[in-house]
Amino acid sequence: MWDVIIIGAGASGLMCAIEAGKRGRKVLVLEHAKRPGQKIIMSGGGRCNFTNLYVEPSNFLCDNPHFVKSALSRYTQWDFIALVDKHQISWHEREHGQLFCDDSAKQVVALLLNEAKDAGVKVQLQCEMLSHTKIADNHFTLLTKLGEYQCLSLVVATGGLSLPKMGATPLAYKIADQYQIPVKATRAGLVPFTLQQSQKEKFTELSGISLPARATCQVNNGTKKSKEISFSEALLFTHRGLSGPVILQISNYWQAGEKISLDLLPDLELLSELLHSQQSRPEQALKTLLSQRLPKRVVECLLAFAEIESLPLKQYNEKQLQEITQLFQYWSPQINGTEGYRTAEVTLGGIDTDLISSKTFECKNVQGLYFIGEALDVTGWLGGFNFQWAWASGWAAGQTV
Ligand SMILES: Cc1cc2nc3c(=O)[nH]c(=O)nc-3n(C[C@H](O)[C@H](O)[C@H](O)COP(=O)(O)OP(=O)(O)OC[C@H]3O[C@@H](n4cnc5c(N)ncnc54)[C@H](O)[C@@H]3O)c2cc1C
């Protein structure tokens, strides 16, 4: 009989195992993949954006916005930075407070495995679950391809649905279902957009071009009042549509059928600039002026798309200058959808937090059953927030299991 079995040797599962092990609990981690922490290894372009200097509850999407507060305040970014420093992993800060390893994301996995080993945790890899858990006499029984295991506390840390090729499975939702714990509808998050065919063809020649942009969309929070959210980061044109950090960020808030607005000149009042230049340089061609601020191919492609001819500035009336401003500062691309779980970094939705304790992560209706990490209806922004949630929720459960 194990004190604790954790399903999933990812970010949250390993953190929970370490903390429970340090408390003297007999801990087993069951992982179906060949290697632990696969998403950590491929994260942040191989350098793992392991946390962020500016973590706030408002950086997370969850139907209950208060749910994240307790865990995030008990295990902070500073705690994880201290752990990284303890293991002498050198790191650097990038824009927006994002922290990355200098060398390799593998160092973060090694950190977790070393801590787990020191805490006496056993990690069993290539262990496939055959049947769902059953509760009897206050313990859980798990049937796996490697045999039967029993435990007092069961922690489900199997993450979300993104990157099925890396071993993502819906096991957490299935277990929740078994105990009548509601699961919020899931969809791909932090994911590139695909464009509708006609626009895709028109913009495919821009594939590979990156530029600073601001993306805005309406947030429908279930009430009549909807508010706007904006992100200012790099936009990347791809052969399928649009990507780059600004698109990944806004994708968390975008709902199918809704619009987003893109400002390709986020640091400029284009209309004032056009009106001013019309007076000071009336012979200057529109394309010349715009190409001083944007990649020339983007200017040509968008003007052609909107069927706006590049003329000397003096030849436009104010209404036309407004249309040009609309095109470059309020562009609403026709979004077909997202690239889906195949390329998404995270899964939006998941286990409803209403029946989960925000302090211990135990289910309120099933004693001894815990859900942590991305399996829950909690999704962070791009920038190290999802790992911070994994560390914080894993740490919190690790204090109780
Ligand atoms: C390409 C990519 C890059 C990312 N980069 C960043 C980044 O730089 N910064 C950041 O904050 N976030 C990043 N993320 C998001 C981050 O990886 C996740 O939010 C985080 O790993 C979630 O932790 P978790 O423990 O909930 O799940 P995971 O880390 O996904 O761990 C779940 C574990 O459970 C295992 N598992 C699944 N199903 C079963 C099953 N049926 N039986 C047994 N085991 C199972 C999986 O194999 C996996 O090991 C990235 C995600 C992706 C896909």
Side-chain angles (χ1 to χ4, degrees), residues 5-17 28-52 55 59-60 77 80 91 94 96-101 105 108-109 112 123-133 142-146 149 155-175 188-192 245 248 252 339 341-348 350-351 361 370-395 397:
I5 290 183
I6 298 166
I7 314 177
S12 63
L14 289 173
M15 178 56 93
C16 180
L28 171 67
V29 183
L30 298 179
E31 165 62 54
H32 72 159
K34 274 189 194 154
R35 280 182 300 233
Q38 296 215 89
K39 274 192 192 161
I40 303 173
I41 290 174
M42 65 187 307
S43 68
R47 291 228 158 78
C48 186
N49 177 193
F50 55 82
T51 193
N52 192 291
V55 178
N59 300 125
F60 296 85
Q77 63 273 43
F80 196 76
W91 51 270
R94 295 194 193 161
H96 307 294
Q98 303 172 5
L99 304 190
F100 287 77
C101 299
V108 175
V109 177
L112 294 166
V123 179
Q124 179 62 62
L125 300 173
Q126 294 182 283
C127 182
E128 203 181 310
M129 217 64 57
L130 287 179
S131 76
H132 294 163
T133 58
L142 279 76
L143 192 60
T144 77
K145 266 201 174 158
L146 301 181
Y149 297 94
V155 183
V156 184
T158 49
L161 296 172
S162 53
L163 300 204
K165 273 191 184 161
M166 300 297 298
T169 71
L171 183 67
Y173 314 138
K174 287 186 180 163
I175 294 176
L190 297 181
V191 63
L248 302 191
N252 273 354
E339 287 189 6
Y341 294 119
R342 192 179 57 81
T343 59
E345 285 199 11
V346 288
T347 301
L348 290 150
I351 306 222
F361 291 84
Y370 298 74
F371 289 92
I372 56 174
E374 202 186 310
L376 291 162
D377 170 34
V378 174
T379 306
W381 289 6
L382 186 78
F385 300 101
N386 285 293
F387 278 138
Q388 188 56 38
W389 174 248
W391 315 136
S393 57
W395 184 91

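Start at 1 and go down the list; that is how both ligands and their atoms are numbered. We number each residue from 1, following the sequence as shown.
Looking at Asn49, its side chain never comes within 3.5 Å of a backbone N or O of Gln98 through a donor-acceptor pair. A distance-only check finds no donor-acceptor pair linking the side chain of Lys174 to the backbone of Thr169 [under 3.5 Å].
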Exercise for review: Under the side chain to side chain contact (heavy atoms under 4.5 Å, CB included) rule, what do Leu163 and Tyr341 come out as? Steps first, then yes or no, please.
Suggested key: CA-CA 6 Å; Leu163 300 204; Tyr341 294 119; over 6 Å; no
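Dense packing is recorded around CZ of Arg342, with more than 12 heavy atoms of other residues, nucleotides or ligands lying under 6.0 Å away.
Aromatic ring pairs are classed by plane angle as parallel below 30°, tilted from 30° to 60° and perpendicular above 60°; the pair Phe60 and Trp389 is tilted. Ring planes of Trp381 and Phe385: perpendicular class, angle over 60° (limits at 30 and 60°).
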Tabulated below should be the N or O atoms of ligand 1 paired with protein N or O atoms at under 3.5 Å; can you produce that?
unit_1	atom_1	unit_2	atom_2	d
ligand 1	8 (O)	Gly44	N	3.2
ligand 1	8 (O)	Asn49	N	3.2
ligand 1	9 (N)	Asn49	O	2.9
ligand 1	11 (O)	Asn386	N	3.3
ligand 1	11 (O)	Phe387	N	2.8
ligand 1	19 (O)	Glu374	OE1	2.8
ligand 1	25 (O)	Ala11	N	3.4
ligand 1	25 (O)	Ser12	N	2.8
ligand 1	25 (O)	Ser12	OG	2.7
ligand 1	26 (O)	Glu374	N	2.8
ligand 1	29 (O)	Ala11	N	3.3
ligand 1	38 (N)	Thr169	OG1	2.6
ligand 1	41 (N)	Thr169	OG1	3.1
ligand 1	44 (N)	His32	N	3.3
ligand 1	47 (O)	Glu31	OE2	2.7
ligand 1	47 (O)	His32	NE2	3.4
ligand 1	49 (O)	Glu31	OE1	2.5
ligand 1	49 (O)	Glu31	OE2	3.4

